[in-house]
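Contents: one structure, followed by commentary.
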Amino acid sequence: MFYLLITNVDDHLQNLGFLHVSNAQSRLAPAFDLNPFPDKDRESKTWLSADVGKSVSDWRTAARHAPVGRPSHALDDFAPAFEHEQMDATRKLLG
């Protein structure tokens with residue numbers, strides 16, 4: 001669902017990874033290879049999880065800080081990829 005909420009057009013299972021922690025334990029790797037496209041239709045090519053709305057709710061703050069480091073004035077072009085009706089509906093569903 002995270003990919004869907006940010007209008008990521010490169011959402012396939014090869015873009016999901018796990019990191020070895022210890023003793024045959026792993027954890028989900030941080031997100032990588034994200035390609036938000038504000039002018040594309042939102043559609044998912046992979047299985048979705050319901051618990052990601054908060055991950056993107058403050059996307060502008062995350063985008064301004066390392067490792068992304070985008071200046072505030074550059075973020076408006078990406079707003080349609082993150083701020084849309086599906087995001088509002090997800091926020092309502094998640095409370």
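Worth knowing before you read on, the calculation uses all heavy atoms, side chains too, and leaves out hydrogens, waters and symmetry mates. Just so you know, residue 1 is the first one in the sequence shown, and it goes up from there. What you see is a predicted model; the values in this text were computed from it and never measured.
Partners of Ala74 by side-chain contact (heavy atoms from CB on, under 4.5 Å), not counting sequence neighbours, listed by chain and number: Arg70, Pro71. Partners of Ser72 under the side-chain contact (heavy atoms from CB on, under 4.5 Å) rule, at least two apart in sequence or in another chain, are Arg64. For Arg60, the side chain to side chain donor-acceptor pair (under 3.5 Å) criterion is met by Asp76, Glu83, not counting sequence neighbours.
Nearest heavy atom pair, residue Val68 against residue Ala63, reads CG1-O, 3.4 Å.
Note that CD1 of Ile6 is 10.5 Å distant from CH2 of Trp59, once rounded to the nearest 0.5 Å.
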Give the table of side-chain donor-acceptor pairs shorter than 3.5 Å for residues 20-27, with sequence neighbours excluded, one pair per line with atom names and distance.
none

